[in-house]
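In this text the structure is predicted, and so the values were computed from the model without any measurement. Numbering of ligands and ligand atoms starts at 1, following listing order.
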Amino acid sequence: MLYQLLYGLHAEISAFNVFRYITFRTILAGLTAFLLCFLAGPVVIGYMREKQIGQYIRRLGPESHQGKAGTPTMGGVLIIVSVIAATLLWIDLKSHYMWIVIFVVTGYCLIGFADDFLKQILKRNRGLRGWTKFSMQVVIAAAAGLLLYCYPEFSSRITIPFVKGFSPDLGPFYVLFAVFVIVGASNAVNLTDGLDGLAIGPVIIAAATYMLFAYVAGHSQIAQYLQINYVAGAGELTILCGALAGAGLGFLWFNAYPAQIFMGDVGSLPLGAALGIIAVITKQEILLVIVGGVFVIEAISVILQVSYFKLTGGRRIFKMAPLHHHFELKGWAESKVIIRFWIIAILFALISFSTLKLR
Ligand code: 57M
């Protein structure tokens, strides 16, 4: 909004010319989102405590988690509101890609809110039925995929990391591919959100990484030089990624160990879906496997554990899945598990940058 207002005045006030720069508006979006989270955090935590919207801890979990019972949750409302507010403030409102991302984020936020509302407020510990949750995620992701596929300027080709000159065109199957990426990313972040700051840390790192990829994808000369798919208009998503990272830092201020608030499904589901849809729009879909490597490892640990458990009639590969619980049960302190997973997330981000040159 301010882009329309302030840049429009640059003829009268030349200093406002700076608002045309995506980099400048990305920094402002990040700072705005951080401040919104940082300032509203104590108010939200106080409200959640007053309304006793505290986390229910299942008996199955590690013993160390029992002390977390009652921790305020659904802090994801704070993150998502901050991201959307900061984005709308600093982005070019004519960016259709931004509206598709906001559609997906809002949809997944509502699914997570419904699940958390049932679990945390109505105390129905199972929340939404698994299939209900999954089918709503698929419908929203399919709608976004279809919107992109029907958009004449959007290509249904996919980018394969480290491979140059081979970008297969999936045609209408691109919609199914987009659904897989968005739903997969959303649920992988959801599974990862099981220790203080464990999910939001890698989300910040992934958002900061896609800040760069969105910028280069939307810059025709740089895209041509790097020989990556040019996506006209994708540059504005840099600002949304900046808001994601900023809001993530603001939330981490309170979610850092020992957490004062959890994000809830209302946070984890839309944050993962946001990374998924951004990866799709910037044509760096498969790269998300590397950028979001921690989320992928956590999800695979669950798939392996459940499959092996069923195949062997009750034996386990890990002490407990997702993988972060395995290390907890091996005796690692929670904070050590968290920081080490963050280190791995940073290493994955660095590897993903190398795909821009190693092709
Ligand atoms: C998402 N939710 C956390 C919090 C957060 C199939 C199976 C692998 C599913 C999986 C599952 O239920 N995942 C749901 C993980 C939960 O966090 C809440 O959920 C929101 C995110 N969706 O925002 O509101 C607990 O995580 C802890 N937590 C923190 N700090 C945070 O900042 O400490 C969360 C955020 C919170 C709190 O204790 O209560 C979760 O873990 O449920 N199930 C599991 O992950 C369970 N694993 C399991 O059953 N493994 C089995 C089989 C099925 C693979 C096995 O290994 O044999 C573990 N999780 C729990 N109990 N809670 C272990 C059992």
What atoms of ligand 1 come closer than 4.0 angstrom to any heavy atom of [X]?
X: L195; value: 28 (N), 29 (C), 30 (N), 31 (C), 32 (O), 33 (O)
X: D265; value: 19 (O), 20 (C), 21 (C), 22 (N)
X: R316; value: 55 (C), 57 (O)
X: T73; value: 24 (O)
X: M263; value: 23 (O)
X: V302; value: 8 (C)
X: M320; value: 56 (O), 63 (C)
X: S268; value: 21 (C), 22 (N)

Does [X], at its [atom1] atom, have more than 12 non-hydrogen atoms belonging to other residues, nucleotides or ligands within less than 6.0 Å?
X: W253; atom1: CH2; result: no
X: F173; atom1: CZ; result: no
X: Q224; atom1: CD; result: no

Report task. For a ring-ring contact (aromatic ring centres under 6.0 Å, His included) with Y174, tell me which candidate from F154, F180, Y151 qualifies. Result -> F154
Query raised in the report: Mind checking what makes side chain to side chain contact (heavy atoms under 4.5 Å, CB included) contact with L88, not counting sequence neighbours?
Result: I84, L93, M98, W99, I102
Query - Partner residues of A223 under the side chain to side chain contact (heavy atoms under 4.5 Å, CB included) criterion, sequence neighbours left out - result: I228, Y230
Is there any N or O on [X] that sits under 3.5 Å from an N or O of ligand 1?
X: N190; value: yes
X: A321; value: yes
X: K319; value: no
X: F262; value: no

Requested in this report: Just go through G314, P258, A299, P322 and tell me whose heavy atom is the nearest to atom 45 (O) of ligand 1.
Outcome: P322
Query raised in the report: Which residue from V306, N255, I338 reaches closest to atom 53 (C) of ligand 1 through any of its heavy atoms?
Result: V306
Report task. For a side chain to side chain contact (heavy atoms under 4.5 Å, CB included) with I277, tell me which candidate from V181, V104, V105 qualifies. Result -> V104
Query - Backbone N/O of A214 and side chain of T282: donor-acceptor pair under 3.5 Å - result: no
**Report entry** T71 side chain vs Q260 backbone, donor-acceptor pair below 3.5 Å
**Finding:** no
Query raised in the report: Taking heavy atoms and a distance under 4.0 Å, where does K68 meet ligand 1: side chain, backbone, both or neither?
Result: side chain
Report task. Before accepting this row, confirm whether a basic side-chain N of the pair K68/D196 lies closer than 4.0 Å to the acidic partner's carboxylate O. Result -> yes
